[in-house]
Number of protein chains: 2
Amino acid sequence: MSTKPKTAPDRALHLEQFLPYRLNVVGFFASRGLGRVYGTRFGIGIPEWRVIAQLGEFGQLTSRDIGELSQMHKTKVSRAVSELDKRGLVTRAENRADRREAFVALSAAGQRLYAQIVPLALAFEERWIEGISADELRVFERVLAVLTERGRHLAGAYQTEEA
Amino acid sequence: MSTKPKTAPDRALHLEQFLPYRLNVVGFFASRGLGRVYGTRFGIGIPEWRVIAQLGEFGQLTSRDIGELSQMHKTKVSRAVSELDKRGLVTRAENRADRREAFVALSAAGQRLYAQIVPLALAFEERWIEGISADELRVFERVLAVLTERGRHLAGAYQTEEA
DNA sequence: TGACATTAGTTGCACATGTAACTAATTGAG
DNA sequence: CTCAATTAGTTACATGTGCAACTAATGTCA
């Protein structure tokens, strides 16, 4: 009984072809590989990198915004921002209209770091997708977007980050 | 010197379109979502699940094999196997031809658990890719395979798991 | 045979991270 | 205005994880 059973197909599971597994593995390689790029060179981790990337892109954000934009738990954001603050890479300015929150922004040193990291990150991405045709890549990214959006709901995210 | 700019194009970076970031996010959703499925129901974690999945598929493996097949660090495998052993879900039998290693296999209880989890895992995958055309999915998986293989090298994997 | 290198697997340690509980500030209903 | 509910952000705690160091067994080369 292999090809066409009657009621309970009970398809076999092959982990190396199982999509959630494969996505998790490639995601792991992504963060580890990229983490190596700026970890060894600048001594920062993935959460710190994400904070810097968002601030470099948007200029000024609250921690809450950062967490939402970069899909990080608020405690992770809190710790990353504290660390960057300690190193003088970001500044924090209390919002006087709502003193619960603070605007975080890159300091001058942070901006310099950002300018250094961006080309490295883009080069890493380039090297990674090198040789894949533009058509295939388009399809890939479109499917990836669907999977990400659906995955967000299947995963249930954290508490705060429900969209 | 590629298409147009003279020396430093300095493309902007948009994190939400940055592939390593996107892959990491979707991979996170994958493991969290699936982890929810068997975590809440059977009280096991991702590493334990992977061990069970490999044993269910291959029958009998050494910890080393498990680590290689499922891309896990040997300490993670060690701890997962110990945990499963403690719960009576796997058995360990010393290889008498090489007493450094031991063959790990699912116990009867482990096989029952495996039989329960597999349909849930496949259903999770189904729900996730539902509505995506077979053509697109084929392209997606092919690109994913390329990215995974290249990512493995870019990431440098762990010590032991270099292929 | 003997000494050194290698390998399977475990464990000590430091560190990262999610949850829950907390503080302080703001909002909203009455 | 007041008090309960909500929100931004931090922290204590427990857990998970990678690295390095370790043990025990095997392989290798002379």
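So that the names make sense, note that chain A is the first sequence line, chain B the second, and so on, each numbered from 1.
- No side-chain heavy atom of T148(B) sits less than 4.5 Å from a side-chain heavy atom of R22(A).
- A close approach under 4.0 Å does not occur between any side-chain nitrogen or oxygen of R99(B) and OP1 or OP2 of dT7(C).
- Among the nucleotides dT17(D), dA8(C), dT10(D), the one closest to any side-chain atom of R92(A) is dT10(D).
- The distance from atom CD of E101(B) to atom C1' of dT10(C) is 15 Å, rounded to the nearest whole Å.
- Distance alone, capped at 3.5 Å, is enough to place a donor-acceptor pair between the E125(A) side chain and the L19(B) backbone.
- Comparing dG18(D), dG9(D), dG18(C) by their nearest atom to the side chain of R32(A) picks out dG18(D).
- The residue among S63(A) and N95(B) whose nearest nucleotide of DNA chain D is located toward the 5' end is S63(A).
- Side-chain contact check for D85(B) and S82(B): no donor-acceptor pair (N or O, by modelled atom type) lies under 3.5 Å.
- Summarising the geometry, the separation between NZ on K74(B) and P on dT17(D) is reported as 17 Å, rounded to the nearest angstrom.
- The backbone N or O of V104(A) lies less than 3.5 Å from no partner atom in the side chain of R92(A), so there is not a single donor-acceptor pair.
- One can place CZ of F28(B) at 14 Å from C1' of dG16(D), the figure rounded to the nearest angstrom.
- What separates NZ of K76(A) from P of dT15(D) is a distance of 19 Å, to the nearest Å.
- Rounded to whole Å, atom P of dT17(D) lies 9 Å from atom CE of M72(B).
- At a cut-off of 3.5 angstrom, counting only N and O atoms as typed in the model, there is a donor on one side and an acceptor on the other between the side-chain of R79(A) and the base of dG18(C).
- Between S78(B) and D98(A), the residue anchored nearer the 5' end of DNA chain C, judged by the nucleotide with its closest heavy atom, is S78(B).
- Regarding I44(A), its CD1 atom lies at a distance of 16 Å from the C1' atom of dA16(C), rounded to whole Å.
- Take the nearest nucleotide of DNA chain C for T75(A) and for R96(A): the residue whose nucleotide is more 5' is T75(A).
- Neither OP1 nor OP2 of dT26(D) sits under 4.0 Å from any side-chain N or O of R100(B).
- The distance between atom CG of L84(A) and atom P of dG9(D), rounded to the nearest whole Å, is 15 Å.
- In this entry the distance linking CZ of R36(B) with P of dG18(C) reads 13 Å, nearest Å.
- Y114(A) and L84(A) fall within the same hydrophobic cluster, where Ile, Leu, Val, Met, Phe, Trp and Tyr residues are linked whenever their side-chain heavy atoms come under 4.5 Å apart, directly or through other members.
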